[in-house]
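Report on the structure given below.
Just so it is clear, the model here is predicted, and its values are computed rather than measured.
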Amino acid sequence: MATVLLSMSLFALIGAITPGPVNIIATSSGATFGYLRTLPHILGATISYTLIVFLVGTGLNQLLTDTPTITEILKYLGSTFLLYMAYKIATSNGDNGDNDNKSSPPSFIQGALCQGLNPKAWLVSMSGVSVFVLTQIATDTLNYLLAYTIISFVLCFVGISTWAIVGHLIREFLAEPKRQRTFNRLMGILLSLTVVSILFG
């Protein structure tokens, strides 16, 4: 089982730390608001992904495979929400803006929605469950699912946190409002491009 757990961990870490919508938002939030104020987004996204892994492992995987329409609906709903988040990021003047329209960091609910409506999260979780849980002996399936769920929680938190910390580390460089606005627009564009890749990839 140790070998399977190690493989699970590597797969979960790669899935969590590679670029994607949730990580781009975490970087932008970390740069604008700091790591601590980005924690609600990180926790919301992490808990949402952990729930996805567990649901997929308890039978939702088969439903999604048998009903591709659900996946299509998820893709368009997720893309719409992520484009909204891209707009919010791109038009944010930063936490230190002098105007009255100050932005706020992404909330726990927004983090959960970003992850829950993110097709990448569903595809990664379905792949992981198929490889590491459903291939095990039937009597051990639940144990492997619980292990994979716990590993997914820990490494999803680590992965998203890494991006938020990178953002936090460049805060001082972005203290100048012009740089902050340029960075926000760049993050908004990157997030929009990930949506385009989801829709047409």
With no hydrogens and no angle check, is any side-chain donor or acceptor of [X] less than 3.5 Å from a backbone partner on [Y]?
X    : Y    : result
W122 : G116 : yes
W163 : I17  : yes
N23  : A16  : yes

Could you see if [X] belongs to whatever hydrophobic cluster contains [Y]? Use Ile, Leu, Val, Met, Phe, Trp, Tyr and a side-chain cutoff under 4.5 Å.
X    : Y    : result
L10  : V154 : no
Y87  : L190 : no
M126 : L146 : yes
I24  : L186 : yes
Y148 : L142 : yes

Considering residues at least two apart in sequence or located in another chain, which fulfil the side chain to side chain donor-acceptor pair (under 3.5 Å) criterion with [X]?
X   : value
S9  : none
T38 : S29
S28 : none
Y35 : S161

### Message
Could you tell me if the side chain of I160 sits less than 4.5 Å from the side chain of Y49, heavy atoms only?
### Response
no
### Summary
For residues 185-195, the side chain to side chain donor-acceptor pair (under 3.5 Å) pairs (sequence neighbours left out) are none
Quick one: side chain to side chain contact (heavy atoms under 4.5 Å, CB included) partners of [X], sequence neighbours excluded?
X    : answer
L5   : M1, M8, A147, I151
N118 : P21, V22, Q115, K120, A121, I198
I14  : T18
F153 : T46, I47, T50

Report the distance from atom [atom1] of [X] to atom [atom2] of [Y], rounding to the nearest 0.5 Å.
X    : Y    : atom1 : atom2 : answer
R179 : E172 : CZ    : CD    : 10.5 Å
L43  : S107 : CG    : OG    : 12.0 Å
L77  : L113 : CG    : CG    : 10.5 Å
F81  : L117 : CZ    : CG    : 7.0 Å

Indicate the atoms forming the closest heavy-atom contact of [X] with [Y], along with that distance.
X    : Y    : answer
H41  : I25  : CE1-CG2, 3.6 Å
G57  : V129 : CA-CG1, 3.7 Å
A31  : F183 : CB-CE2, 3.4 Å
M85  : P106 : CE-CB, 4.3 Å
A45  : C156 : O-SG, 4.4 Å
L174 : Q180 : O-CB, 3.4 Å

### Pairs meeting criterion ring pair (Phe, Tyr, Trp, His ring centres under 6.0 Å) with involvement of residues 3-25, two or more places apart
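For residues 3-25: F11-F132.
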### Task
Any pair with a residue in residues 69-83 that passes salt bridge (charged side-chain N to carboxylate O under 4.0 Å, His left out), sequence neighbours left out, goes on the list, sorted by first then second residue, please.
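Passing the test, one end in residues 69-83: E72-K75.
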### Task
Just do the side chain to side chain contact (heavy atoms under 4.5 Å, CB included) check on F108 and L39 with the steps written out, would you?
CA-CA 8 Å; F108 178 92; L39 267 175; over 6 Å; no
### Task
Check D140, T58, I150 against L145 for a side chain to side chain contact (heavy atoms under 4.5 Å, CB included) and give me the one that passes.
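Running side chain to side chain contact (heavy atoms under 4.5 Å, CB included) over D140, T58, I150 with L145 returns exactly one hit, T58.
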### Summary
From the list I52, L51, L55, side chain to side chain contact (heavy atoms under 4.5 Å, CB included) partner of S125 resolves to I52
